[in-house]
Amino acid sequence: MKFKNPLKYLRASICSLALLGAAQKVAAHGVQVAYGTTPTGFVRIYIEHWHGDETVAALGATNNINVTVNTGTTSSTFNVNVSGTVNNTSVGNLPGLVGPIKIVGTTSRSNAYNDWGYWDFAPGSCNQPVSITINQGNTVIFTEAESNLYPATIAAQTFTDQAAPVITAPDVTVVGDCSGASVSFAPKVVDDCDKSPVVNYSHASGSFFPVGSTLVTVTATDNTGKTSVKTFNVVVVVGDTTPPSLTVPAPILVTANSGLCGATVAFTTSATDNCSTATVVNSRASGSFFPVGTTTVTSVATDANGNRTTKTFTVTVRDTELPVIATRANIVANAALGACAANVTYSVGATDNCSGVAVSYSPASGSSFGVGTTVVTATATDAAGNMASSTFSVTVTETQPPTITAPAIASTVTSDGAGNTAALSAWLAGNGGATATDSCGAVTWSNNFRALTAGCGASGAATVVFTATDANGNASNTTATFTIVDTTAPAISPAAVGKTVESDGAGNTAALSAWLAAHGGANATDAGGTVTWTNNFTVLTAACGTTGATTVTFTATDACGNASNTTATFTIVDTTAPAISPAAVGKTVESDGAGNTAALSAWLAAHGGANATDAGGTVTWTNNFTALTAACGTTGATTVTFTATDACGNKSVTTATFTIRDTTAPVISPGAASKTVESDGAGNTAALSAWLAAHGGASATDIGSAVTWSHDFTAITTSCASSGAATVTFTATDACGNKSVTTATFTIVDTTKPVLGSDVRNISPNEKPVTFTITSTDVGGASTPSIVSVTATRVNGSGKTLDKTEPYKQSVSGNTVTITTSGGVGTVWTIATSSVDACGNTATASFIVNVVNPTLTK
């Protein structure tokens with residue numbers, strides 16, 4: 001250990017020490033000095049009772065308190081200020097020292113004070129003896145009343161060297177041929193105490209080193225056995241300094257093989273060199289199995305001269321496979337003793353194609369679960385963040401009854417004549433003074449008190465079981481007795497007072513009972529206990545309705561049979577008319593065609609929905625209905641006053657109106673039916689009139705009145721000739737104007753063919769020319785048919801068909817055709833005609849004309 005500058009290691013500040021002249025003393029209460037060695041080889045000096053409470057002035061940084069350190073032939077003196085302090089500690093327990101504690105100076109008051117100030121410093125090095133003197137050559141004296149303790153000297157002693165040699169060994173780089181080079185080196189080794197430490201090398205200086213980098217280790221040991229180790233590199237490079245050219249693939253991204261935590265990945269790397277073949281070495285071979293995650297592959301291309309090119313690329317394997325998490329059975333646990341919860345631990349197994357799957361729980365395993373059922377979610381997460389989950393429940397039950405911390409205490413009270421209800425209620429409410437606690441929180445108290453077991457007078461007792469029940473139904477019991485004693489006869493004051501009440505219709509039993517229970521307002525006190533009241537009430541003397549009266553004698557009796565009487569009368573009167581609520585409500589009904597008597601009777605019987613109550617008794621309803629005021633059809637209305645009368649003649653009224661209305665349209669069944677007739681050429685008025693008068697065959701009924709029919713017919717819309725149609729809406733209207741409609745169509749059609757007349761004659765050959773006239777007529781007379789075609793064919797006597805030229809002619813005019821013809825004997829004319837009327841009906845006809853001898857006859 002090298003000692004460089006003692007001042008560097010000083011920790012300063014002596015508390016409150018004053019410096020005086022040569023003949024003066026400073027009272028600093030320094031009783032004794034202790035010193036020793038710290039674990040790091042420093043010297044620590046302690047001065048006892050270093051607080052300077054008798055000083056004249058405080059010391060500054062230069063206080064003439066000096067320390068002289070002699071190391072071998074070297075001496076150093078420096079000023080100190082104590083900084084470290086230790087209070088209330090005996091000399092045997094001073095901290096920070098190893099080995100024995102040495103003491104300099106002592107008095108009869110040694111160890112009477114145990115407050116210490118101290119400083120540390122490095123006294124020397126290289127195993128040389130060191131001595132320390134405090135205040136050498138100074139006149140300042142520390143005093144403790146009867147003794148002067150300073151100056152004081154710590155005798156010379158030896159401190160061990162603690163430092164190992166220091167090695168400086170930089171890397172060495174040389175240029176050689178392709179095989180390597182001989183390299184010399186000389187690392188620097190320095191030790192404070194040993195000028196010639198022993199130095200060893202893993203490779204001797206001047207050795208032959210191959211091309212590349214070789215690690216050399218230097219070990220230095222000093223004469224105390226302390227050793228240091230240092231390494232450096234010897235790098236031999238050749239003349240070829242051009243690195244090879246290296247090609248690596250782009251970043252590779254693949255998905256992990258199913259069921260595996262990685263994937264087999266193939267890739268290609270290559271290199272070329274300017275002067276030799278380059279060898280490529282990859283940190284991971286192509287076709288290797290790559291784990292999930294990103295792996296950096298380092299490719300190093302090296303030529304024959306050791307020049308290198310290094311490149312990297314990444315292979316990323318993604319893990320997309322979900323972990324498999326087990327399903328755990330539900331857990332049922334009991335609450336811990338004295339607690340309202342249970343710490344429950346659990347685990348759920350999970351597997352994954354990759355290691356490192358972690359299972360988390362919500363709530364966490366080992367959590368405190370309150371009483372009840374909690375659903376726990378277990379989530380398995382693999383290193384890639386893929387997650388799977390399952391759930392189970394934790395049910396905590398609690399069966400521990402509450403703890404009775406103080407039992408119920410019996411209570412005895414003097415009768416107050418009224419059952420001592422306040423004291424009893426307070427005692428019951430206070431659970432007889434019992435207390436209880438429960439691990440699950442609040443405790444609910446109950447008791448089995450029903451009544452006191454009577455004794456004499458108003459005395460009595462009840463043994464009560466108090467039950468403390470926790471939130472989960474667990475219970476604990478404690479028992480005590482409440483006792484009332486009575487020794488005093490009663491006195492009545494004030495006396496009973498008569499009471500008059502308005503009838504409530506039920507005998508005013510509550511008021512009567514209260515009056516009786518209150519002894520007509522009388523009060524009795526008994527110095528010895530409870531007063532027992534009795535009365536001679538049997539029944540009220542009836543009046544109107546539920547009114548009446550009774551005169552009652554009340555008797556107060558104490559436990560000894562002494563009795564006092566007081567008399568008063570209870571009277572029920574009825575002066576209040578019935579209260580109607582709700583009031584009568586008007587009613588509107590749809591006409592049933594028969595006066596709606598059932599609905600009206602029900603409405604009247606229900607007083608129009610009104611209700612009446614009477615505090616004095618039963619209510620009788622009447623009304624002033626006589627008849628309905630008629631309106632349209634079978635509708636009408638009446639306003640009725642309903643009167644509610646109680647048994648004592650008090651009345652109330654309510655008024656409402658009953659109305660019968662008809663808003664229902666007639667019911668049409670069957671509806672109007674369409675009708676189609678053949679044209680008679682004159683508008684078919686009879687058939688049309690009959691169809692309209694029969695409402696198209698429709699029929700209507702109405703519950704409220706007779707039905708009146710009307711229609712909107714105006715005219716037939718003509719189509720061809722005298723045919724046409726009209727769509728008619730028939731309306732059925734009842735007496736109150738409600739309407740229903742039905743629609744149908746009346747259609748006139750013309751499907752009759754025209755009639756062709758004939759003019760058939762036999763003619764003689766001498767009748768040249770002969771004229772025939774044929775007329776077409778329409779049966780309906782609504783149109784004049786047109787002759788649309790005429791053909792004539794003649795055959796001679798030999799049966800040969802001849803031409804149609806002369807002597808054959810025809811002319812057509814409207815519905816008439818004129819034919820002029822002739823021929824020899826045996827000629828037969830066949831004449832065919834066709835005719836079309838205005839509606840497109842077509843008629844055809846033919847006739848034969850024979851040429852014969854002797855004469856033409858008609």
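Quick caveat, the model's predicted, so the values are computed rather than measured.
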J.: Is there side-chain contact between Lys226 and Asn223, with heavy atoms separated by less than 4.5 Å?
T.: no
J.: Do the side-chain N and O atoms of Thr227 and Thr221 include a donor-acceptor pair separated by under 3.5 angstrom?
T.: yes
J.: With sequence neighbours left out, write down each residue that passes side chain to side chain donor-acceptor pair (under 3.5 Å) with Asn330, or none if nothing qualifies.
T.: Ser393
J.: Within this structure, what is the CG-OG distance for the pair Asp222 and Ser228, rounded to the nearest 0.5 Å?
T.: 8.0 Å
J.: Suppose we screen for side chain to side chain donor-acceptor pair (under 3.5 Å). Which residues come up paired with Thr314, at least two apart in sequence or across chains?
T.: none
J.: Looking at Val280 and Ser299, what are the two nearest heavy atoms and their distance?
T.: CG1-CB, 4.4 Å
J.: Go through it in stages, so that I can follow the logic: the residues are Thr379 and Ser389, the test is side chain to side chain donor-acceptor pair (under 3.5 Å), and I'd like the CA-CA distance, side-chain angles, deciding distance and then a yes or no.
T.: CA-CA 4 Å; Thr379 302; Ser389 63; 4.9 Å; no
J.: How long is the span from the OG1 atom in Thr351 to the CD1 atom in Ile325, to the nearest 0.5 Å?
T.: 10.0 Å
J.: List in chain and number order the residues that pass side chain to side chain donor-acceptor pair (under 3.5 Å) with Asp438, two or more places apart in sequence or in another chain; answer none if no residue qualifies.
T.: none
J.: So, using ring-ring contact (aromatic ring centres under 6.0 Å, His included) as the criterion, who are the partners of Phe313 when residues are at least two apart?
T.: Phe267
J.: Nearest heavy-atom pair of Ser390 and Ala326: which atoms, and what distance?
T.: OG-O, 3.0 Å
J.: I want to check something: taking the side chain as every heavy atom from C-beta on, are Phe290 and Val297 in contact at a cut-off of under 4.5 Å?
T.: yes
J.: Looking only at non-hydrogen atoms, find the nearest pair between Cys354 and Asp319 and report the distance.
T.: SG-OD2, 3.7 Å
J.: Does the side chain to side chain contact (heavy atoms under 4.5 Å, CB included) test come out yes or no for Thr298 and Thr310, once each step is laid out?
T.: CA-CA 7 Å; Thr298 300; Thr310 301; 3.5 Å; yes
J.: Compare every heavy atom of Gly338 with every heavy atom of Gln400, then report the nearest pair and how far apart it is.
T.: OE1-N, 2.6 Å
J.: Name all residues meeting the side chain to side chain donor-acceptor pair (under 3.5 Å) criterion together with Thr479; count only those two or more places apart in sequence or in a different chain, and write none if there are none.
T.: none
J.: When you measure from the side chain of Asn431 to the backbone of Gly433, do you find a donor-acceptor pair of N or O atoms at a distance under 3.5 Å?
T.: no
J.: Counting distance only, does the side-chain N/O of Ser205 pair as donor-acceptor with the main-chain N or O of Phe185 below 3.5 Å?
T.: yes
J.: Quick one: are Thr374 and Pro363 in side-chain contact, heavy atoms under 4.5 Å?
T.: yes
J.: My understanding is that only residues two or more places apart in sequence, or in another chain, count here; which of them pass side chain to side chain contact (heavy atoms under 4.5 Å, CB included) with Asn343?
T.: Ser368
J.: Okay, side chain of Asp382, backbone of Asn386: is any donor-acceptor separation there less than 3.5 Å?
T.: yes
J.: Is the shortest heavy-atom distance from the side chain of Thr397 to the side chain of Val371 under 4.5 Å?
T.: no
J.: Quick one: does Asn447's side chain get under 4.5 Å of Val465's, heavy atoms only?
T.: no
J.: Could you name each residue pair satisfying ring-ring contact (aromatic ring centres under 6.0 Å, His included) that touches residues 316-338, not counting sequence neighbours?
T.: none
J.: Taking all atoms of both residues into account, what is the closest heavy-atom pair of Ala350 and Ala380, and its distance?
T.: CB-CB, 3.7 Å
J.: Would you indicate whether Lys311, at its atom NZ, is surrounded by more than 12 heavy atoms from other residues, nucleotides or ligands within a distance under 6.0 Å?
T.: yes
J.: Checking Phe289 now: which residues fulfil ring-ring contact (aromatic ring centres under 6.0 Å, His included) with it, not counting sequence neighbours?
T.: none
J.: In chain order, what residues pass the side chain to side chain contact (heavy atoms under 4.5 Å, CB included) check against Thr173, with sequence neighbours excluded?
T.: Val235
J.: Are the side chain of Glu398 and the backbone N or O of Cys440 linked by a donor-acceptor pair below 3.5 Å?
T.: no
J.: Could you check whether any side-chain N or O of Asn353 sits under 3.5 Å from a backbone N or O of Leu260, counting only pairs where one atom can act as donor and the other as acceptor?
T.: yes
J.: How about Asn200 and Val218: do any of their side-chain heavy atoms sit closer than 4.5 Å?
T.: no
J.: Is it the case that the side chain of Glu321 and the backbone of Asp352 share a donor-acceptor pair, with hydrogens and angles ignored and the cut-off at 3.5 Å?
T.: no
J.: Can any side-chain N or O of Ser202 pair as donor or acceptor with the backbone N or O of Thr217 at less than 3.5 Å?
T.: yes
J.: Quick one: ring-ring contact (aromatic ring centres under 6.0 Å, His included) pairs with a partner in residues 325-348, sequence neighbours left out?
T.: Tyr346-Tyr361, Tyr346-Phe392
J.: Can you tell me how far CG of Asn307 sits from OG1 of Thr309, rounded to the nearest 0.5 angstrom?
T.: 8.0 Å
J.: Side chains of Thr316 and Thr294 only: does a donor on one sit below 3.5 Å from an acceptor on the other?
T.: yes
J.: Please lay out, stage by stage, how His203 and Thr214 fare under the test side chain to side chain contact (heavy atoms under 4.5 Å, CB included).
T.: CA-CA 9 Å; His203 299 70; Thr214 302; 3.7 Å; yes
J.: About how many Å separate CD1 of Ile167 and NZ of Lys230, when rounded to the nearest 0.5 Å?
T.: 8.0 Å
J.: Would you check if Ser476 and Thr467 make a side-chain contact, meaning some heavy-atom pair closer than 4.5 Å?
T.: no
J.: Would you compute the distance between atom CG of Leu246 and atom CG of Asp273 and round it to the nearest 0.5 angstrom?
T.: 11.5 Å
J.: Donor-acceptor pair, Asn282 side chain versus Ala285 backbone, under 3.5 Å?
T.: no
J.: Return the CG to OG1 distance between Asn474 and Thr399, rounded to the nearest 0.5 Å.
T.: 6.0 Å
J.: Holding to side chain to side chain contact (heavy atoms under 4.5 Å, CB included), I want the full list of residues that pass it with Ala358, two or more places apart in sequence or in another chain.
T.: none
J.: So do the side chains of Val464 and Leu428 get within less than 4.5 Å of each other, counting heavy atoms only?
T.: yes
J.: More than 12 heavy atoms of other residues, nucleotides or ligands under 6.0 Å from CZ of Arg308: is that the case?
T.: no
J.: Is a donor on one side and an acceptor on the other found under 3.5 Å between the side chain of Thr478 and the backbone of Ala408?
T.: yes
J.: With sequence neighbours left out, what residues match Pro291 under side chain to side chain contact (heavy atoms under 4.5 Å, CB included)?
T.: Arg284, Thr295
J.: For Thr435 and Thr405, does a side-chain donor sit closer than 3.5 Å to a side-chain acceptor?
T.: yes
J.: Between Ala364 and Phe369, which heavy-atom pair has the shortest distance, and what is it?
T.: O-CE1, 4.5 Å
